[in-house]
Amino acid sequence: MKPRHFIQRIIDEDNVTGKFDNRVHTRFPPEPNGYLHIGHAKAIYLNFSIADEFGGKCNLRFDDTNPTAEEEEFVRSIKEDVKWLGYDWEDRLCFASDYFQQMYDYAVELVKRGHAYVCDLTSEEIKNTRGTLTKPGQDSPFRNRSIEESMDLFERMKAGEFSDGSRTLRAKIDMGHPNMNMRDPVVYRILHADHHRTKDQWCIYPMYDWAHGLEDSIEGITHSLCSLEFEDHRPIYDWYLDTLETYHPQQIEFARLNLNYTIMSKRKLKKLVDNKHVSGWDDPRMPTLSGLRRRGFTPAAIRNFMEEIGVAKRDNVMEMTKLESTLREDLNKRCERRMGILNPLKIVITNYPEGKEEFLEAVNNPENEKAGRRKVPFGRELYIEHNDFMEDPPKKFFRLAPGREIRLRYAYFITCNDVVKDVDNNIVELKCTYDPDTKGGNAPDGRKVKATIHWVSAAHAIDAEVRKYDRLFQVPSPGSMENFMDALNPDSLNILENCKLEPELKQAEIGVPIQFERLGYFCKDIDSGDTPIFNRTVPLRDTWGKIEKQMQSGKNK
RNA sequence: UGGGGUGUCGUCUAAUGGUAGGACACCAGGUUCUGGCCCUGGCAGUCGGGGUUCGAGUCCCUGCACCCCAGCCA
């Protein structure tokens with residue numbers, strides 16, 4: 001039985017004590033200021049799966065309290081990504097901006113109770129009087145202004161009488177508090193900016209700490225899950241709700257997801273987009289959900305990954321290989337197999353009649369018999385993968401070589417007789433013979449071959465472009481570098497333009513993952529025109545590649 | 001050197017006073033019409049030092065390391 005993580009245990013306990021009347025109601029609260037990445041997927045997964053597990057609900061809530069950063073486009077993409085991941089917020093699409101009036105009313109209440117005041121200090125002055133980590137701050141000279149005066153000023157802030165930054169509403173807590181967040185935090189700031197939803201209705205906007213707890217409270221959230229850096233905001237979350245004597249959800253912090261060889265910062269991802277190091281937010285090399293989707297990741301693979309990595313409070317950096325492993329596991333089960341040649345090498349079957357063609361039966365998915373079979377055309381001229389042939393093979397190479405017999409997958413045994421080269425001594429073609437008795441791939445005399453390679457018929461193949469992706473960064477932790485751009489992998493994208501695919505692939509649909517036998521998982525890209533473009537989602541595990549590397553590093557020979 | 005957190009195989013994550021387990025990675029082998037999948041085996045960990053206890057990853061004391069916080073961002 002899968003052990004329960006610390007959040008599940010907290011909820012178990014709450015359900016024993018009846019703390020929230022045995023309700024469980026979570027929320028995923030993104031700010032619509034950028035695209036979602038796989039780090040967000042952990043939060044989405046956590047919130048929705050916990051709600052599901054406990055028979056509760058999970059809201060999708062846009063924390064849109066800063067009009068200068070937020071856009072409708074991000075709202076659209078976030079909804080799309082959450083849906084794609086497989087989650088349904090039903091009728092609970094929420095916006096912080098829908099609560100602006102209530103938040104304002106609560107703020108009025110805070111002033112009236114003597115717990116907040118309008119402060120005329122500039123942002124620079126507030127900064128200078130906040131103190132430091134080790135030294136207490138100083139009280140604002142406006143701290144003890146009368147409730148009436150603060151009320152008057154706050155109303156006029158709302159009415160638009162004052163310029164941006166000229167005044168703030170601040171909570172009256174303790175300028176000497178060891179937790180910086182409790183040193184009279186700003187509750188409202190003046191921002192004469194159009195909001196993507198409320199337009200010019202407001203010119204004062206609530207700060208995160210004020211807004212977030214109220215949003216949770218208004219929506220009746222029970223367990224407010226957030227990442228570790230908000231741990232020392234919990235006292236202010238609690239203080240606001242306690243002071244207001246209103247419904248009080250419980251904030252619980254967990255460690256966000258980090259992945260090696262990539263970055264998870266919206267700011268940095270934006271820089272990659274702005275500086276054109278990637279084609280956009282949905283570039284298949286990006287850790288964004290839109291990028292992973294385009295790359296060919298399945299929602300199930302991402303969900304399984306989140307399930308497997310667990311939830312805890314210690315900082316962590318997951319290995320990309322773990323994500324890839326989960327991906328392959330899902331893809332292996334669901335993908336139909338096809339044959340495609342990325343780096344074609346022509347071969348001629350000299351004893352195969354010219355003009356003849358036949359159709360050989362191939363299994364669509366050995367992991368799923370229901371996927372059925374298909375016919376693959378065969379002819380005298382074929383393409384095989386260039387690196388499936390070696391003129392002078394090392395001992396451990398058991399693919400095609402001069403004089404050697406191997407199997408063409410689902411077709412015939414062939415033997416290589418001649419190597420044709422151009423003036424520069426490049427191998428351009430192979431002359432082979434086939435054994436007609438081995439049709440389908442087995443020899444009646446029971447003889448074996450050491451290798452089976454894939455192929456396509458030259459006469460029937462379709463042309464395609466294939467984009468191979470590698471890790472975006474060359475170092476495990478680009479995010480911790482002084483300049484993360486220096487670590488960009490110059491070979492993260494490798495475009496192959498002369499690929500030959502079996503004709504069945506004409507039917508490929510955009511985004512549907514397919515295994516190209518012996519190569520990896522691919523899916524047709526939205527950039528496709530007359531000639532299709534396929535993204536390599538992830539290569540198959542490559543034992544031969546490992547052996548090759550070992551030989552190169554001199555360990556073997 | 002203020003406050004808040006966190007330390008278990010290389011990486012994640014279990015064990016809640018009773019054999020330190022699982023996954024990924026790595027290594028070795030088996031199987032195979034994908035050098036894929038699958039199967040078998042191996043490697044490898046409790047931050048340090050004291051203490052309590054028959055017994056400590058877990059409890060106590062004491063060090064150490066790492067992360068977060070000084071936006072009118074979230």
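Naming convention: chains lettered A, B, ... in sequence-line order (proteins, then strands); numbering from 1 in each chain.
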Inset, instruction - From the options B:G5, B:C24, B:A14, select the nucleotide whose nearest atom is closest to the side chain of A:Pro3. - result: B:A14
Legend entry - A:Arg167 side chain vs A:Leu121 backbone, donor-acceptor pair below 3.5 Å: no
Legend entry - N-glycosidic conformation, B:G57 - syn within 90 degrees of 0, else anti: anti
Legend entry - Length of the NZ-P vector between A:Lys2 and B:A14, whole Å: 8 Å
Legend entry - Strand RNA chain B as a dot-bracket string - pairs counted if Watson-Crick or G-U with both distances under 3.5 Å, | where the partner lies in another strand: .((((((..((((....[..)))).(((((.......)))))....(((((..]....))))))))))).....
Inset, instruction - Under the side-chain hydrogen bond (donor to acceptor under 3.5 Å, both in side chains) rule, collect the residues that match up with A:Thr452, sequence neighbours excluded. - result: A:Arg407
Inset, instruction - State, with a plain yes or no, whether a side-chain heavy atom of A:Pro185 is found less than 4.5 Å away from one of A:Tyr240. - result: yes
Legend entry - By side-chain contact (heavy atoms from CB on, under 4.5 Å) - contacts of A:Glu361 (at least two apart): A:Arg373, A:Lys375
Inset, instruction - Take the protein atom CG of A:Leu519 and the nucleotide atom C1' of B:G35, then report the distance between them rounded to whole Å. - result: 12 Å
Inset, instruction - Check whether any side-chain N or O of A:Lys313 sits under 4.0 Å from OP1 or OP2 of B:C67, and answer yes or no. - result: no
Legend entry - Separation of B:C26 P from A:Asp542 CG (nearest whole Å): 12 Å
Legend entry - Set of residues satisfying side-chain hydrogen bond (donor to acceptor under 3.5 Å, both in side chains) with respect to A:Arg130, sequence neighbours excluded: none
Legend entry - Distance-only donor-acceptor test, A:Gln515 side-chain atoms vs B:U34 base atoms, 3.5 Å: yes
Inset, instruction - Would you mind reporting whether A:Tyr205 and A:His195 have side-chain heavy atoms less than 4.5 Å apart? - result: yes
Legend entry - Distance in angstrom units between A:Arg409 CZ and B:U32 P, rounded: 14 Å
Which atom pairs link the protein and nucleotides 7-11 of chain B when you take only N or O atoms and keep those under 3.5 Å?
from	atom 1	to	atom 2	distance (Å)
B:G10	N2	A:Glu319	OE1	2.8
B:G10	N2	A:Glu319	OE2	3.4
B:U11	O4'	A:Glu319	OE2	3.0
B:U11	O3'	A:Val317	O	3.3
B:U11	O2'	A:Val317	O	2.9

Inset, instruction - Could you tell me the separation between the CD atom of A:Glu336 and the C1' atom of B:G36, rounded to a whole number of Å? - result: 17 Å
Legend entry - Matching residue for A:Glu229 among A:Arg234, A:Arg256, A:Lys313 - test: salt bridge (charged side-chain N to carboxylate O under 4.0 Å, His left out): A:Arg256
Inset, instruction - Encode nucleotides 69-74 of chain B as B, S and - characters from 5' to 3', where the letter depends on protein heavy atoms closer than 4.0 Å: B to the base, S only to sugar-phosphate, - to neither. - result: BBSBSB
Inset, instruction - Round to the nearest Å and state the distance from A:Tyr521 atom OH to B:U34 atom C1'. - result: 10 Å
Inset, instruction - Ignoring hydrogens and angles, tell me if any N or O in the side chain of A:Asn365 forms a donor-acceptor pair with the backbone of A:Lys333 under 3.5 Å. - result: yes
Inset, instruction - Look at A:Arg541 and B:U34 and indicate whether a side-chain polar atom (N or O) is within less than 4.0 Å of OP1 or OP2. - result: no
Inset, instruction - Determine the contact category for A:Thr134: base if any of its heavy atoms lies under 4.0 Å from a base atom, sugar-phosphate if only primed atoms, P, OP1 or OP2 are that close, otherwise nothing. - result: base
Inset, instruction - With sequence neighbours left out, write down each residue that passes side-chain hydrogen bond (donor to acceptor under 3.5 Å, both in side chains) with A:Arg447, or none if nothing qualifies. - result: A:Glu405, A:Asp435, A:Asp445
For nucleotides 28-30 of chain B, print each protein N/O atom paired with a nucleotide N/O atom at under 3.5 Å, atom names and distance only.
none

Inset, instruction - Assign A:Tyr410 to base, sugar-phosphate, or nothing according to its heavy-atom contacts below 4.0 angstrom with the strands shown. - result: base
Which atom pairs link the protein and nucleotides 39-43 of chain B when you take only N or O atoms and keep those under 3.5 Å?
none

Legend entry - Touch class at under 4.0 angstrom, heavy-atom based, for A:Glu517 against every strand present: base
Inset, instruction - Select base, sugar-phosphate, or nothing to describe what A:Phe397 touches, counting heavy atoms under 4.0 Å on all strands. - result: base
Legend entry - Heavy-atom donor-acceptor pair, A:Thr298 side chain to A:Ala301 backbone, under 3.5 Å: yes
Inset, instruction - Look at A:Glu324 together with A:Lys322 and state whether they make a salt bridge at an N to O cut-off of under 4.0 Å. - result: no
Legend entry - Check: A:Glu253 side chain, B:G4 base, donor-acceptor under 3.5 Å: no
Inset, instruction - Mind calculating the distance between CG (A:Asp388) and P (B:G36) to the nearest angstrom? - result: 14 Å
Legend entry - Test log, rule side chain to side chain donor-acceptor pair (under 3.5 Å), inputs A:Glu253 and A:Gln251: CA-CA 7 Å; A:Glu253 310 83 15; A:Gln251 176 178 307; 3.1 Å; yes
Inset, instruction - Answer with base, sugar-phosphate or nothing: what part of the nucleic acid does A:Asp315 contact at a heavy-atom distance below 4.0 Å? - result: sugar-phosphate
Inset, instruction - Scan A:Val363 against the nucleic acid and name what it touches under 4.0 Å (heavy atoms): base, sugar-phosphate only, or nothing. - result: nothing
Legend entry - ring-ring contact (aromatic ring centres under 6.0 Å, His included) partners of residues 156-183 of chain A, not counting sequence neighbours, each pair once: none
Inset, instruction - Starting at atom NZ of A:Lys322, determine the distance to atom C1' of B:G22, rounded to an integer number of angstrom. - result: 10 Å
Inset, instruction - Could you list all the salt bridge (Lys or Arg N to Asp or Glu O under 4.0 Å) pairs where at least one residue sits in residues 188-198 of chain A, not counting sequence neighbours? - result: A:Asp98-A:Arg197
Inset, instruction - Examine distances only and state if a side-chain atom of A:Arg328 and a backbone atom of A:Pro539 form a donor-acceptor pair shorter than 3.5 Å. - result: yes
Legend entry - Interatomic distance at C1', B:C39 relative to B:U6, whole Å: 39 Å
Inset, instruction - Just call it for A:Lys135: base, sugar-phosphate, or nothing, with non-hydrogen atoms closer than 4.0 Å on any strand. - result: nothing
Inset, instruction - Select base, sugar-phosphate, or nothing to describe what A:Arg183 touches, counting heavy atoms under 4.0 Å on all strands. - result: nothing
Legend entry - salt bridge (Lys or Arg N to Asp or Glu O under 4.0 Å) contacts in which one or both residues fall within residues 26-42 of chain A, not counting sequence neighbours: A:Arg27-A:Asp216
Inset, instruction - Just say parallel, tilted or perpendicular for the rings of A:Phe62 and A:Phe95, cut-offs at 30° and 60°. - result: parallel
Inset, instruction - Report yes or no: is the cationic atom of A:Lys158 (NZ for Lys, CZ for Arg) under 6.0 Å from the centre of the six-membered ring of A:Tyr104, at an angle within 45° of the ring normal? - result: yes
Legend entry - Under-3.5 Å donor-acceptor pair between A:Arg399 side chain and B:G35 base: yes
